[in-house]
Amino acid sequence: MALFLDIDGTLLDIAPVPEAVKMPKDLRKTLASLFDGLRGALALVSGRSIAHLDQLFKPLVLPASGEHGLELRRIPGEPIERIQPPAALHHLRPTIIELTKRMPGVLPEFKAGTVALHFRQVPAMKRPLLDSIEKLIEPYQDDLVIQPGKMVFEIKPRGIDKGRAIARLMMAPPFEGRWPVFAGDDATDAYGFEAVRQLGGYSIGVGPSHAPADSHLDSPTEVRAWLTALAASITSAAA
């Protein structure tokens, strides 16, 4: 198996803002055990940056894809591969700041290659926010797209997604030649589900709102319980 795991809403319970997520007891230990048991074929696949993932899971460092595939690291300790984002994102930054000032409660998150606009605190702003973002990026449609998520819209480079990230990870060791399994919870993970399906793998949807998947777990709590059992099974089989 090659195991790919989304973070927010899959491994971790959703928080009002990304910085407020809580790390459950023993999760790092479980992931470290799986990483060893799968001989390195375990990767975090997230909209967060890899630097943010390393901070969140420290001292554990894992293979990862960050910012929906803009960043990639197959082996802990190796340099992070980065795709250069379009200049349009930099040009739009002042306009996005002004937009969020006009929409109190909408929180911008500027990453190296994407911009996330969180509206969890003001769900009624969903439609006005989407309309504003669509107008904002209209002149840059060749370069940028809007990625919906759970209470967030993310402006990202066209052609970058979690599915392509998983496919790239699968092209070389320690993932190459293995059976890919991906667990995710929302629209951003649909690309990953399709990628593992095309590679002959298996997808696991988490929670009530996710793209069609091969199987289903109700919550991050169930995901963590499954991973704990999987780690124990792999350790037992190795023994």
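Keep in mind it's a predicted model, so treat the numbers as computed, not measured. We're numbering straight along the sequence, starting at 1.
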How many angstroms lie between atom [atom1] of [X] and atom [atom2] of [Y], to the nearest 0.5 angstrom?
X      : Y      : atom1 : atom2 : answer
Leu31  : Thr228 : CG    : OG1   : 9.0 Å
Leu169 : Ser65  : CG    : OG    : 6.5 Å
Leu129 : His118 : CG    : NE2   : 11.0 Å
Met23  : Leu60  : CE    : CG    : 9.0 Å
Thr10  : Leu217 : OG1   : CG    : 9.5 Å
Phe35  : Thr30  : CZ    : OG1   : 15.0 Å

If you group Ile, Leu, Val, Met, Phe, Trp and Tyr by side-chain heavy-atom gaps below 4.5 Å, do [X] and [Y] land in one group?
X      : Y      : result
Val206 : Val21  : yes
Ile146 : Tyr191 : no
Leu130 : Leu117 : yes
Leu44  : Val223 : yes
Val45  : Ile75  : no

Restricting to non-hydrogen atoms, name the atom on [X] and the atom on [Y] that form the minimum distance, rounded to 0.1 Å.
X      : Y      : result
Ala195 : Gly163 : CB-O, 3.4 Å
Gln121 : Leu107 : NE2-CD1, 3.5 Å
Ile137 : Leu144 : CD1-O, 4.1 Å
Ile83  : Gly69  : CD1-O, 4.0 Å
Leu99  : Ser132 : CD1-CB, 3.6 Å
Ala167 : Met171 : O-CG, 3.2 Å

So do [Y] and [X] actually touch side chain to side chain, heavy atoms under 4.5 Å?
X      : Y      : answer
Asp54  : Arg73  : yes
Asp161 : His68  : no
Leu11  : Leu227 : yes
Met151 : Ile14  : no
Phe175 : Pro180 : no
Ile96  : Ile155 : yes
Phe193 : Arg197 : yes
Leu12  : Pro24  : yes

Do any N or O atoms from the side chain of [X] and from the backbone of [Y] form a donor-acceptor pair under 3.5 angstrom?
X      : Y      : answer
Arg28  : Phe57  : yes
Ser203 : Phe182 : no
Arg178 : Met1   : yes
Thr100 : Ile97  : yes
Glu67  : Ala112 : yes
Thr235 : Ala231 : yes
Asp6   : Ala183 : no
Arg48  : Gly66  : no
Arg74  : Pro173 : no
Lys111 : Gly47  : yes

Salt bridge (Lys or Arg N to Asp or Glu O under 4.0 Å) partner of Lys150, the single match among Asp189, Asp13, Asp186, Asp185: Asp185

Residue pairs passing the side chain to side chain donor-acceptor pair (under 3.5 Å) test where at least one lies in residues 168-177, sequence neighbours excluded: Glu81-Arg168

Lys/Arg-Asp/Glu bridge criterion (N-O < 4.0 Å) met for Asp131, Arg127: yes

Check ion pair Glu138-Lys135 (N to O, under 4.0 angstrom): no

Check: Glu154/Thr114 side-chain N/O donor and acceptor closer than 3.5 Å: yes

Phe119 and Phe153 aromatic ring geometry - parallel, tilted or perpendicular at 30°/60° bounds: parallel

Steps toward side-chain contact (heavy atoms from CB on, under 4.5 Å) verdict (Arg120, Val152): CA-CA 7 Å; Arg120 184 168 298 277; Val152 63; over 6 Å; no

Ile7 and Leu53: CA distance, side-chain angles, deciding distance, side-chain contact (heavy atoms from CB on, under 4.5 Å) verdict: CA-CA 9 Å; Ile7 306 302; Leu53 294 176; 3.8 Å; yes

